[in-house]
Amino acid sequence: TETELGALTTALRYEKETDVFYHELVSALSKEDRPLFDKFLRTEDGHLALVQAQFDAVQGRGFWFDISAFIQDG
């Protein structure tokens with residue numbers, strides 16, 4: 001899974017950069033025009049969340065979409 005982890009690391013970096021780019025681009029629009037891109041930004045945020053979830057799963061961190069996959073008592 002080292003190859004998979006490397007690919008996901010690259011994908012995660014690009015998704016983060018792209019997410020920031022689109023959010024900055026939309027924030028530069030007039031307040032009246034920004035709502036036109038709400039669905040687009042949510043979709044882009046979803047891409048980032050999916051890659052992050054896959055990255056976490058491959059690393060075996062015990063989380064899926066920021067939810068603990070196990071419960072630790074005490």
Side-chain angles (χ1 to χ4, degrees):
T1 57
E2 193 64 36
T3 302
E4 186 177 11
L5 189 58
L8 286 167
T9 299
T10 300
L12 189 57
R13 184 177 77 243
Y14 287 132
E15 283 295 339
K16 286 179 180 179
E17 290 173 5
T18 302
D19 194 67
V20 167
F21 172 77
Y22 284 130
H23 278 274
E24 288 176 353
L25 190 65
V26 171
S27 71
L29 298 173
S30 69
K31 287 185 179 184
E32 298 83 34
D33 292 335
R34 289 180 200 164
L36 297 170
F37 295 92
D38 285 345
K39 185 175 180 181
F40 174 76
L41 291 178
R42 283 193 309 273
T43 300
E44 287 303 316
D45 291 343
H47 293 162
L48 178 57
L50 286 169
V51 174
Q52 182 68 58
Q54 187 63 33
F55 181 81
D56 291 343
V58 167
Q59 282 198 311
R61 293 181 174 181
F63 287 89
W64 181 251
F65 290 100
D66 293 331
I67 299 170
S68 178
F70 57 87
I71 298 171
Q72 288 183 319
D73 291 323

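These values consider heavy atoms only, across backbone and side chains, with no hydrogens, waters or symmetry-generated copies.
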Point to revise | Short side-chain donor-acceptor distance under 3.5 Å, Asp45 and His23 | key: yes

**Study point:** Spacing of CG belonging to Leu12 relative to CD belonging to Glu17, to within rounding of 0.5 Å
**Key:** 10.0 Å

Exercise for review: Group every Ile, Leu, Val, Met, Phe, Trp and Tyr by side-chain heavy-atom contacts under 4.5 Å, then state whether Val20 and Phe37 land in the same group.
Suggested key: no

Review point. Looking only at atom types and distance, does a side-chain atom of Ser27 sit under 3.5 Å from a main-chain N or O of Glu24, one as donor and one as acceptor?
Key: yes

Exercise for review: Please answer: with hydrophobic residues joined when any side-chain heavy atoms are less than 4.5 Å apart, are Tyr14 and Phe55 in the same cluster?
Suggested key: no

Practice item. To the nearest 0.5 angstrom, please state how far the CD atom of Gln52 sits from the CG atom of Leu8. Key: 10.0 Å

Check your understanding: Hey, quick one: are Leu41 and Leu29 part of the same hydrophobic cluster, counting side-chain heavy atoms closer than 4.5 Å, chains of contacts allowed?
Key -> yes

**Study point:** Nearest heavy-atom neighbours spanning Glu44 and Thr18
**Key:** OE1-CG2, 3.9 Å

Check your understanding: Is there a side-chain contact between His47 and Thr43, using heavy atoms and a 4.5 Å cut-off?
Key -> yes

Review point. Cluster question for you: counting only ILVMFWY and a side-chain heavy-atom cut-off of under 4.5 Å, with indirect links fine, are Tyr22 and Leu48 together?
Key: no

